[in-house]
Every structure is written in C-alpha cells, then in structure tokens.
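Contents: one structure, followed by commentary.
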Protein chains: 2
Amino acid sequence: MAERKPLADSQAVHDQVYEAIRERLITGRIAPGVGVSLRSLAAELGVSPMPVRDAVRRLAAERALAVNPANKRLSVPSLTAGRLEQLSQARLWIEPELAARAASDADAGLLRRLKAIDAQVDEALRLGDVDSYMGANHAFHFALYERAGAEVLLAMAGGLWLQIGPFMRVVFGRVGADGLAADRHAEALDALKARDPEAARRAIAADITEGMDKMRAAVEAGR
Amino acid sequence: MAERKPLADSQAVHDQVYEAIRERLITGRIAPGVGVSLRSLAAELGVSPMPVRDAVRRLAAERALAVNPANKRLSVPSLTAGRLEQLSQARLWIEPELAARAASDADAGLLRRLKAIDAQVDEALRLGDVDSYMGANHAFHFALYERAGAEVLLAMAGGLWLQIGPFMRVVFGRVGADGLAADRHAEALDALKARDPEAARRAIAADITEGMDKMRAAVEAGR
DNA sequence: GATCGTGCATTGTGATCGCAATTGAGAGCG
DNA sequence: CGCTCTCAATTGCGATCACAATGCACGATC
C-alpha cells in the first residue's frame, strides 16, 4: 500500500497552512504591523485562498493575527507594553500551575525527555541559533505542561505563547541570544525529580518572570 | 433591490453567524455532546455553508466547539468534572483581576449601566427566564470587565464564558433558576461605587466561586 | 431472524467564480 | 509644482460546484 504523507499531525491542507503561518509568526518572519493578504499567502504556499482563510481565521481567533475592523485587512498585532504585561501576567497564572500539576505525575521517562530537550536548548544558546532555541524552549515547557493533564489550561498556555512569539523575536533582535541564556530549567528538573509541586511552581514562575522582564526591557528600550 | 440588513454591530455575514452560534452556546441552547453539521446550521440560519465554516472554525479555535479528529464532525465539548474545574480556576484567576482593574476606573455612567443590567438579571430570575438571565448575567460581567482596559485578559475571559455556557444550562436543568438566584452583583456595585479594587476583586471572586460550586454540584449529581 | 454487504445520502474540504469595497497610482487641473 | 480626481488593480467575502470519505439504512444471504 502506498503510505500517506509523513505528516501525521495534520492531514488537512488548512491545518498545514495554519502550521506554516504559525511557524512564520513565531520565528518572526512576518514583521509586526505590516499587512498580509490572503492571496499573497496562498500564492506563497501554493494553495488556493480558501484554506488560507480558514487558517487565518483560526489565528485571528487566537489573537495571533489582528484584523483591521474597517479594512478587514490582516496584520501582526503591534507590540505594546500593555499587551506584554497582560500576557506576562496570564503566563504567570497558568504555567506555574501546569508545572506544579505535572510535578505530581513526573516519572523517569518524562525527566529523561526533558533533559534531552534542555540539552538542545543549551546547545542552541551556545551556537546562538535563535530559531532552534525558541523551538527547543517551547518544546521543553510544553513537554512539561502536557504532563499536567489539563487540556483547557494547556490550550490557554499555547495561545499565550503564540501571541508572545513576535515579542521574543524583538528581544533577540535587541539583546541577542546571550540575554536569554539564563533559565530555570535545571531548577525545574530538580523539582520534578523530587516530585515537589511547589518547587516546580516556583522554578517555572521564576523562569517566566525573568524572561518576561528581559522582554519588557527590550520592548521599552525599543520605543 | 438590495435592502441592507438592520444589523449594525457586524456587517459581515460570518460575524453574524458567529454571534448567533455564540449566543446559542452561551445560553446553552446547543446541548453538549450532540453533533452539529455545517449545512444544518447554514440552513437554520438561512445562509450558505461558507460563512458557517468560518464561524465554526473560529469557535473551534476558542475551544467552544470540538471537532472529532477522525470524523471532523462538530460537537459541543462534553461536560467533565476536570474541564469544569480548570475553567473555574481560570475564571478565578482572570475575572477578579479584571474587576479590580475596572474598579479603579469606575465612574457614574458605568455604575448606572451596571445597575440597569443587574435589574434585568433580577427580573429574569424572578420570571424564571433562563435565556434572559444568562444573557443579562453575561452582559453584567463583561460591561464591568470591559472597563479594565485589558484586551488580552478580556478576550481570555470571553473564551472561558463561551466554554462554560453549556455547563450553565445543565445547572438550570437540574437545580432550576432558583439555584442561581444569589449573586454578588450588589457587593460588586458597592465596591465600584467606593472605587475599591480589592473589594471588587473579592466580590467577583465570591460570585464566581459560588456559581461554579453550584455548577460542580450539578455536574457531579448528573453522572 | 440475525448479520453482513452494498448503495445512497450527507458531511467536510477545497477550488473557482462573481461582487463590492478599498487601495494605490497616474493623469489632469489649478 | 502641488493637489485632486478618477480608474484600474487588488483584496476580502460569499456562493456554488466538485470530490472524497464517512454514516446510515435497506436489502440480500445464510
């Protein structure tokens, strides 16, 4: 039998388009403020405008894309201090809770996987590979959060990361990869090893606070 | 001749469809677990399936509708204790914060509007009008939250209400309108009048806790 | 009478077409 | 030389059509 596409996560075209645009947003290939058109995206991806519309509407619902109410034109949401502050606060509410819940169910397999991902994070930082760092950092956090078994909160956290993507690109553009070298992943791993929910909560909270502080400083410095 | 629709809030058809489905979800008119089809919704609303697709995709991105990964068929997410607990916790994180922020900017106009809406809430409760109660209660909370000037958090709260709508309908089905008669709106109004953010936070937190406790009891009783 | 297979109806998805509105630039006028 | 007006191109939106897949039900067979 002829095997299907190697992509197991998304068989539908609009899902692939969604992932493609999401990737471009997270890596900052679409600059904030500039407008994008459905047909241009469709031509660029080699599909008809229809699945692009679906993907764009999904992203707009997740606040990863903004639609001008008058124009109906699309653009990446602009970076404002207020937005960043709200996103930071929401992350501080949700993600430590997910980490604490995950710590209760941590096992050796999860620890091994997280250590492997964290090694990729450090490697990307050492090489200054921005894209790899962001991907690995995202993978680390969500491999942990998935263990919490809280689908609703997990989805909310995913939406927050999607909105923060453009901000992170700005941080890298201003302070460089060195500015984000310090994270609390080791502390989080220790907390998981000890199955200490409160320690995991503190470690992730510190990781978020420090990261968002740097982003805030970068955003304010860029005005 | 082309006669224009009197709807001024949203000129686009897919927005009207979105609002229509959203309304049915918030008021719980679509029962959880049952499947809905694009064409049936389109026929019911008198439009083509295309704008329904857009609206449904938006709602699916907001986790207000669930898509079966195999079937791709739509359904309202089922009611589980875990989901309700997560939604409850998320509401307790976000909404008191919004209330506190709004309390700092409260003015006479906002108070007057909220009092008018609260009167509608009480009237609906007196009459046992479930749909009116849910709509008025929603209007009360979000007329308040809008004042916080926190678009990101406001959107998150809106998504949460969209997801708990079906739960609320179940509560009414089991305990009746009397079971939800007690709310903390009066306390919230007093806090706004005094411009006391912490009092507003406590009032809304208590309102949410009590309401969600009743919903939890109703859900658990229904298993 | 029960079970399995086949056919039809329905569903979601994507492409193409048409329409109205907005944008952008170029021509024309002051 | 600058401003404005107009026209064409582009954009988003909605409808309709076509197609593959799934669900459902009726009927045939053991």
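Below, all heavy atoms of this structure are taken into account, side chains as well, without hydrogens, waters or symmetry copies. Lettering of chains follows the sequences in order, A, B, ..., and the numbering in each one begins at 1.
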Ion pair A/R91/A/D207, N-O distance below 4.0 Å
no
Starting at [atom1] of [X] and ending at [atom2] of [N], how long is that distance when rounded to a whole Å?
X	N	atom1	atom2	value
B/D54	D/dG12	CG	C1'	11 Å
B/R53	C/dA15	CZ	P	10 Å
B/L38	D/dT22	CG	P	17 Å
A/Y18	C/dT13	OH	C1'	19 Å
B/R39	C/dG12	CZ	P	7 Å
A/L45	C/dG14	CG	P	13 Å
A/M50	D/dG12	CE	C1'	11 Å

[X] side chain: which of [options] is closest?
X	options	value
B/R57	C/dT13, C/dG14, D/dA15	C/dT13
B/S37	D/dG14, C/dT11, C/dG14	C/dT11
A/R73	D/dG14, C/dT16, D/dT11	D/dT11

Looking only at heavy atoms, what is the nearest atom pair of A/L38 and A/L74, with distance?
CD1-CD1, 3.3 Å
Judged by modelled atom types alone, do B/W93 and A/Q89 share a side-chain donor-acceptor pair under 3.5 Å?
no
Any donor-acceptor pair under 3.5 Å linking the side-chain atoms of A/Y145 with those of A/H141?
yes
Taking the nucleotide of DNA chain C with the nearest heavy atom to each, does B/K72 or A/G46 sit closer to the 5' end?
B/K72
Verify, without hydrogens or angle tests, whether A/S132 (side chain) and A/D129 (backbone) share a donor-acceptor contact under 3.5 angstrom.
no
Under 3.5 Å: donor-acceptor pair, side chain of A/R63, backbone of A/A61:
yes
So for the helix from C/dG1-D/dC30 to C/dG30-D/dC1, with five pairs setting each end axis, what is the inter-axis angle to 10°?
0°
